[in-house]
Amino acid sequence: MNDIITIGEAMIVFDPSATGPMRFVNNFEKKVGGAELNFAIGCTRLGLKAGWISRLGNDEFGKHIRNFARGEGVDVSQVDFIDSYPTSLNFKEIMEDGSVRTFYYRDKSPTLTITPDGLDESYLKNAKILHLTGIYPAINPVNRSVFEKAISLAKKHGVKISLDPNIRLKLWDKEEARNYLSEILPQIDILLAGDEEMEIIWGVKDPEAIINKAKEIGIPYVAIKQGDKGSIGYHNGEVVTVDAFKAKKVVDTVGAGDGFNAGFIYGLVNGWTLRKSLEFGNTVGSMVVGVKGDNEGLPYMDDVKIRLGEKENIER
């Protein structure tokens, strides 16, 4: 039985060897990325059991991704290789200030071959939380029937649903994202979002207004991610504001939101208070930005304890 199950695409990520515009970079390092897989890895490193539903190209890149995920302790029993669908690619451009642009090559994503009837109900029903992002339905409208079937199965079996809108405007425009995600949100139990994303979906950016809208449609948990400003959470009438955990150095911001999600969900799975879950999520997210790569900075529990001063760091 997994604590967490997620559905989504993973990609080979090519990280540049130098900062600056990508057209001037001559060398790249092969890594693995994808928001849903990053989240699953973040969870396993903290000690949760996580499963990942996906499809990969039947090629060397696909085999590398599945081996990598399995090596991180992610359950890949629901990941298959698909012929004639190449594993998706993502080239990154990193500037001196740590800001990132991405260039996707994912038009024929292997995840397009997942069908609603192909979802294993017995696999989904035994999870505690189904974690989704807005990336999977944005890749192609074909994926939306799978997305909705997964939500339906989770509801049927009392599995909590968490959603990070994770809006990628290179995959769909604001209107399409707003129309689709606003229909999905009333079915969500845990909303993990940035204020700018919610401005696209609901037309409001103020945290209080976002929380009020979430209350109106019955979302029990809300965590608003504000980067270096911290986070704001809501549950059961309580609103909590938590300052950011200061990062030692910002090297690469990609994956920080996935890290926060993993930390926050870890807290909920373990019955922590809203405040403690937010603080833990902030801490995990702040550790991710100090390491180059989509998931290389996701910490293990011992690393988090050391950062929080709860465990001694013995270097020699």
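All values below come from the heavy atoms of this structure, side chains included, with hydrogens, waters and symmetry mates left out. None of these values were measured; they are calculated from a predicted model.
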Can you get from Ile167 to Ile184 by hopping between Ile, Leu, Val, Met, Phe, Trp and Tyr side chains that sit under 4.5 Å apart?
yes

To check you understand the geometry: which heavy-atom pair defines the closest contact between Ala10 and Leu56, and what is its length?
O-CD2, 4.3 Å

Judged by atom type as modelled, is there a donor-acceptor pair below 3.5 Å linking the side chain of Asn2 to the main-chain atoms of Ile5?
no

With salt bridge (Lys or Arg N to Asp or Glu O under 4.0 Å) as the rule and sequence neighbours excluded, what pairs involving residues 219-244 come up?
Asp164-Lys225

Do Tyr136 and Leu124 belong to the same hydrophobic cluster, where Ile, Leu, Val, Met, Phe, Trp and Tyr are linked whenever their side-chain heavy atoms lie under 4.5 Å apart, directly or via other members?
yes

d(Arg66 CZ, Ser54 OG) to nearest 0.5 Å is 11.0 Å

Does Ile201 share a hydrophobic cluster with Leu191, counting links as ILVMFWY side-chain heavy atoms below 4.5 Å and allowing steps through other members?
yes

Identify whether Ile210 and Val240 are in the same connected component of the hydrophobic contact network (ILVMFWY, side-chain heavy atoms under 4.5 Å).
no

Is there any salt bridge (Lys or Arg N to Asp or Glu O under 4.0 Å) pair reaching into residues 178-195, and which pairs are they, with sequence neighbours excluded?
Lys155-Asp189

Stepwise side-chain contact (heavy atoms from CB on, under 4.5 Å) test for Ile129 and Ile161:
CA-CA 6 Å; Ile129 294 176; Ile161 303 167; over 6 Å; no

If the condition is ring-ring contact (aromatic ring centres under 6.0 Å, His included), which residues does Tyr105 pass it with, not counting sequence neighbours?
Phe91

Roughly how far, to the nearest 0.5 Å, is the CD1 atom of Ile53 from the CD1 atom of Ile7?
4.0 Å

Result of checking Arg70, Lys63, His64 against Asn67 for side-chain hydrogen bond (donor to acceptor under 3.5 Å, both in side chains)
Arg70

Any side-chain heavy atom of His131 sitting closer than 4.5 Å to one from Leu192?
yes

Which atom of Leu278 lies closest to which atom of Ala223, heavy atoms considered:
CD2-CB, 4.1 Å

Do the side chains of Asp258 and Asn295 get nearer than 4.5 Å, heavy atoms only?
no

Check for me, please, whether Ile190 and Leu132 land in the same ILVMFWY cluster - side-chain distances under 4.5 Å, paths through other members count.
no

I'd like to know if the side chain of Asp59 reaches the main chain of Thr87, judged simply by a donor and an acceptor atom lying under 3.5 Å from each other, with no hydrogens or angles considered.
yes

Is there any salt bridge (Lys or Arg N to Asp or Glu O under 4.0 Å) pair reaching into residues 125-137, and which pairs are they, with sequence neighbours excluded?
Asp3-Lys128

Pairing donors with acceptors under 3.5 angstrom, does anything connect the side chains of Asn90 and Thr102?
no

Backbone N or O of Arg106 within a donor-acceptor pair of the Ser109 side chain at under 3.5 Å?
no

Are any non-hydrogen side-chain atoms of Ile65 and Phe68 less than 4.5 angstrom apart?
no

Members other than Met1 in its cluster, when Ile, Leu, Val, Met, Phe, Trp, Tyr link by side-chain heavy atoms under 4.5 Å?
none

Would you compute the distance between atom NZ of Lys108 and atom CD1 of Ile82 and round it to the nearest 0.5 angstrom?
11.5 Å

How long is the span from the CG atom in Asp15 to the NZ atom in Lys31, to the nearest 0.5 Å?
4.5 Å

Between Gly33 and Asn38, what is the shortest heavy-atom contact and its length?
CA-OD1, 4.0 Å

Please test Lys205 against Met198 for side-chain contact (heavy atoms from CB on, under 4.5 Å), starting from the C-alpha separation and ending with a verdict.
CA-CA 6 Å; Lys205 189 176 181 180; Met198 298 315 299; over 6 Å; no

Within the 4.5 Å heavy-atom criterion, are Tyr123 and Leu153 side-chain neighbours or not?
no

Dump the intermediate steps for side-chain hydrogen bond (donor to acceptor under 3.5 Å, both in side chains) on Thr115 and Asp117, then the final yes or no.
CA-CA 5 Å; Thr115 63; Asp117 292 341; 5.8 Å; no

Using salt bridge (charged side-chain N to carboxylate O under 4.0 Å, His left out), reason through Glu121 and Lys156 one step at a time and then give a plain yes or no.
CA-CA 10 Å; Glu121 183 172 352; Lys156 177 181 176 181; 2.8 Å; yes

Do Ile12 and Lys30 come close enough that some side-chain heavy atom pair is under 4.5 Å?
yes

What is the distance from atom CD1 of Ile4 to atom CG of Leu48, rounded to the nearest 0.5 Å?
5.5 Å

In the structure I gave you, are the side-chain heavy atoms of Leu163 and Leu185 within less than 4.5 Å of one another anywhere?
yes

Is it the case that the side chains of Asp75 and Ser77 hold a donor-acceptor pair, with the cut-off being a distance below 3.5 Å and no angle test?
yes

I need the full list of salt bridge (Lys or Arg N to Asp or Glu O under 4.0 Å) pairs touching residues 34-57, with sequence neighbours left out, sorted by first then second residue.
Arg45-Glu72, Arg55-Asp80

Provide the closest heavy-atom pair for Ala50 versus Ala40 in the form atom of the first, atom of the second, distance.
CB-O, 3.7 Å

Minimal heavy-atom distance between Val76 and Ala69, with the atoms involved, is CG1-CB, 3.8 Å

Please collect all side chain to side chain donor-acceptor pair (under 3.5 Å) contacts where either partner lies in residues 264-274, sequence neighbours excluded, each pair once.
none

Strictly distance-based, threshold 3.5 Å: is any side-chain N or O of Thr19 a donor or acceptor partner for the main-chain N or O of Glu96?
no

Are Glu93 and Pro16 close enough that some pair of their side-chain heavy atoms sits under 4.5 Å apart?
no

Under the rule for salt bridge (charged side-chain N to carboxylate O under 4.0 Å, His left out), what residues qualify as partners of Lys170, not counting sequence neighbours?
none

The remaining residues in the hydrophobic cluster of Ile135, counting side-chain heavy-atom contacts under 4.5 Å among Ile, Leu, Val, Met, Phe, Trp and Tyr, are Met11, Tyr104, Ile139, Leu171

To the closest 0.5 Å, what do you measure between CG (Asp303) and CG (Leu298)?
10.5 Å

How about Lys174: does its NZ atom have over 12 heavy atoms from other parts shown lying under 6.0 Å from it?
no

Applied to residues 143-176, the ring-ring contact (aromatic ring centres under 6.0 Å, His included) test, sequence neighbours excluded, yields none

Donor-acceptor under 3.5 Å (Ser17 side chain, Phe28 main chain)
no

How far apart are the C-alpha atoms of Leu46 and Tyr300, what are their side-chain angles, what is the distance that settles it, and do they pass the side-chain contact (heavy atoms from CB on, under 4.5 Å) test?
CA-CA 5 Å; Leu46 294 174; Tyr300 292 89; over 6 Å; no

Measuring only between side-chain heavy atoms, which start at C-beta, is Phe280 closer than 4.5 Å to Val242?
no

Take Glu9 and Thr111, measure what side-chain hydrogen bond (donor to acceptor under 3.5 Å, both in side chains) needs, and give me the verdict at the end.
CA-CA 6 Å; Glu9 180 188 54; Thr111 61; 4.5 Å; no

Could you give all pairs that pass the side chain to side chain donor-acceptor pair (under 3.5 Å) test and reach residues 140-150, with sequence neighbours left out?
Arg144-Glu176, Glu148-Tyr180

Among residues two or more places apart or on two chains, list those pairs meeting side chain to side chain donor-acceptor pair (under 3.5 Å) that have a residue in residues 207-224.
Tyr221-His235

